[in-house]
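Quick note: numbers below take in every heavy atom, side chains included, and nothing from hydrogens, waters or symmetry partners. Residue numbers begin at 1 in each chain, while the letters A, B, ... track the order of the sequences.
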There are 2 protein chains.
Amino acid sequence: MAPGGRPRAFEPEAALDAAVETFWRHGYDAAGVAELTGAMGISRPALYRAFGDKAQLFSAALERYIARNMEYVEAALAKPTAREVAESFLVGNAEAVTTPGRPPGCLSVQAMVTDEADAFSLLAKNRLAIQERLSARFRRAIRDGDLPYHEDAEELSRFMITLTTGFAIRAADGEPRQALIALARRALAVFPEPESAIPTQTPSHPNSKGMTHD
Amino acid sequence: MAPGGRPRAFEPEAALDAAVETFWRHGYDAAGVAELTGAMGISRPALYRAFGDKAQLFSAALERYIARNMEYVEAALAKPTAREVAESFLVGNAEAVTTPGRPPGCLSVQAMVTDEADAFSLLAKNRLAIQERLSARFRRAIRDGDLPYHEDAEELSRFMITLTTGFAIRAADGEPRQALIALARRALAVFPEPESAIPTQTPSHPNSKGMTHD
DNA sequence: TCAGTTACGTATCGATCGGTACGTAAATAG
DNA sequence: CTATTTACGTACCGATCGATACGTAACTGA
């Protein structure tokens, strides 16, 4: 009734990894099906049988990419202070987009320039999800007194995403890892210093504990 | 001996403007010759007669784009202090990549994702030229005592370019102008404070439009 | 053994890609 | 007028695009 049929002659996950690498290196449009099948080591119809079409293959590749190359986001969000979250996120991204043995840059950014609306919206959704998580984390930091109450959590998270987007492009452009890490560290200047002067432009702050003076 | 021949039936500069817009909106690869000729209002052979081939057309379009949409770079470099250079550069870029009536983002960044080595190297050369001019300006600022002697001019210029690259991508992603300008102002925190004044916060009611740049 | 099911790959589809051959139209020079 | 020069656009080139038709191979259950 339900015979198995002929078994697969390749590992779908290994093939998907090759697809990730190809999309990563060339973006969505520039990664042709011929190049994909070549990298994946399978025939063209095998690709369509296993993954549907190019768009679905990209969707699966993006999902795998996120799971395998963006753990640094989780690690960063788990840091105890907002500043450490930011540093971990920025440095982790700088490292992720310059990992030796992997294509420089970020699949999400490389593939962004495409006319395929479906693929584009996938990427936008992913970016927005990360930004929202960062923003929520910063809002919590504001509630906890970890960030000044007048701080703009959404703007901070936008800053993070914008900078890491720039990292991805610059990495693809050949910028070395150390240069990007240095930029990440420098960018932390946009955060209020943890124990030095906070610009006092708001007089009525009820909280007196831990107030700093210079 | 040297008759004029049949005159052109179109304005090459107007056609080039349309090519700029098309490349700007879609990037190099995704801008097909059919779409280009459609936007330029000329036939396919007319394009090749007037501009050589697609790569040369892009080169001409990039040159025109730079001349017409990157005056903010010159304006920024002419500012008296390093901090004003940075602010003018960042804000000018944020405005340039979100100019109403023009495609969001930056032609140089949109076209970056391409397998055409020639087009890519053109863009890299342009980026590098801007970064070098910024770096030279900051080195001068260090010599003049406008920046601390231990400051890293090259790293500062890298920071600027990386951030504006991120601006371009985010603008193409739909980020509104005011959000990018806010990020530009915030990014100035990486500069040493000029000891006296904290830069004025964004006014509560931003001036509607009619900014100078183009 | 044989029917049912699934994966295999060759060979091919129509559409689109960047780029041109070629006959014609419009200007100038004599 | 004719000759020369240059731009015009239809119609087409080979290559490549994403996607499939189809005959064959390999497995399971009866």
Q: Which nucleotide sits closest to the side chain of Ala46(B): dG19(C), dG9(D), dG9(C)?
A: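 Comparing dG19(C), dG9(D), dG9(C) against the side chain of Ala46(B), the answer is dG9(D).
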
Q: Can you identify which nucleotide, out of dC8(C), dC8(D), dG9(D), has its nearest atom closest to the Pro45(B) side chain?
A: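 Among the listed nucleotides, the one closest to the side chain of Pro45(B) is dG9(D).
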
Q: Provide, to the nearest angstrom, the distance between the CD atom belonging to Glu116(B) and the P atom belonging to dT16(D).
A: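 Atom-to-atom, Glu116(B) to dT16(D), this comes out as 13 Å.
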
Q: If only side-chain N and O atoms of Arg44(B) are considered, is one of them under 4.0 Å from the OP1 or OP2 phosphate oxygen of dG9(D)?
A: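 Indeed not, no polar side-chain atom of Arg44(B) lies that close.
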
Q: Without decimals, in angstroms, what is the distance between Tyr48(A) OH and dC22(D) P?
A: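 After rounding, the gap between these two atoms is 18 Å.
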
Q: Give one of base, sugar-phosphate or nothing for Pro7(A), where a contact means two heavy atoms less than 4.0 Å apart.
A: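 The answer is sugar-phosphate, as Pro7(A) gets under 4.0 Å only of primed atoms, P, OP1 or OP2.
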
Q: Can you tell me the distance, in whole Å, between the NZ atom of Lys54(B) and the C1' atom of dT16(C)?
A: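 Checked: the NZ to C1' distance equals 12 Å.
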
Q: Taking atom types as modelled, find out whether Thr81(A) and Glu84(A) have a side-chain donor-acceptor pair closer than 3.5 angstrom.
A: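 Indeed, the side chains of Thr81(A) and Glu84(A) share at least one donor-acceptor pair under 3.5 Å.
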
Q: Which residue pairs pass the side-chain hydrogen bond (donor to acceptor under 3.5 Å, both in side chains) test when at least one of the two sits in residues 32-58 of chain B, sequence neighbours left out?
A: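 Matches after skipping sequence neighbours: His26(B)-Glu35(B).
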
Q: Give the ring-plane orientation class for Phe23(A) versus Tyr28(A), where under 30° counts as parallel, over 60° as perpendicular and anything between as tilted.
A: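 Phe23(A) vs Tyr28(A) ring planes: parallel.
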
Q: Can you tell me how far P of dA7(C) sits from CZ of Phe51(A), to the nearest Å?
A: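 So the two atoms are 12 Å apart, to the nearest Å.
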
Q: Which whole-number value in Å describes the distance from Asp118(B) CG to dG18(C) P?
A: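 Taking atom P of dG18(C) as the reference, CG of Asp118(B) is at 15 Å.
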
Q: Can you measure Tyr28(A) atom OH to dC17(D) atom P for me and round it to whole angstrom units?
A: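 So the two atoms are 14 Å apart, to the nearest Å.
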
Q: Which residue lies toward the 5' end of DNA chain D, Asp53(A) or Ile42(B), if each is placed at its nearest nucleotide?
A: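 Comparing both residues, the 5'-ward one is Ile42(B).
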
Q: Within the modelled atom types, does a donor on one side and an acceptor on the other bring the side chain of Arg49(A) and the base of dA7(C) under 3.5 Å apart?
A: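 There is none.
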
Q: To the nearest angstrom, how far is Gln56(B) atom CD from dG18(C) atom P?
A: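 Atom CD in Gln56(B) sits about 15 Å away from atom P in dG18(C).
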
Q: Does Ala31(B) reach a base, just sugar-phosphate, or nothing at all? Heavy atoms under 4.0 Å.
A: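 Answer is sugar-phosphate: Ala31(B) comes under 4.0 Å of backbone atoms only.
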
Q: Can you tell me which nucleotide in dT10(C), dA7(D), dG18(C) comes closest to the side chain of Arg6(B)?
A: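 My answer, after comparing the listed nucleotides, is dA7(D).
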
Q: Could you tell me whether the side chains of Thr114(A) and Asp29(A) share a donor-acceptor contact shorter than 3.5 Å?
A: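 Thr114(A) vs Asp29(A): donor-acceptor pair found between side chains.
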
Q: For Glu11(B), does the CD atom have more than 12 heavy-atom neighbours from other residues, nucleotides or ligands under 6.0 Å away?
A: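 Incorrect, the count does not exceed 12.
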
Q: Measure CD/Glu35(A) against P/dA15(D) and give the value in whole Å, please.
A: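 It works out to 19 Å between those atoms.
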
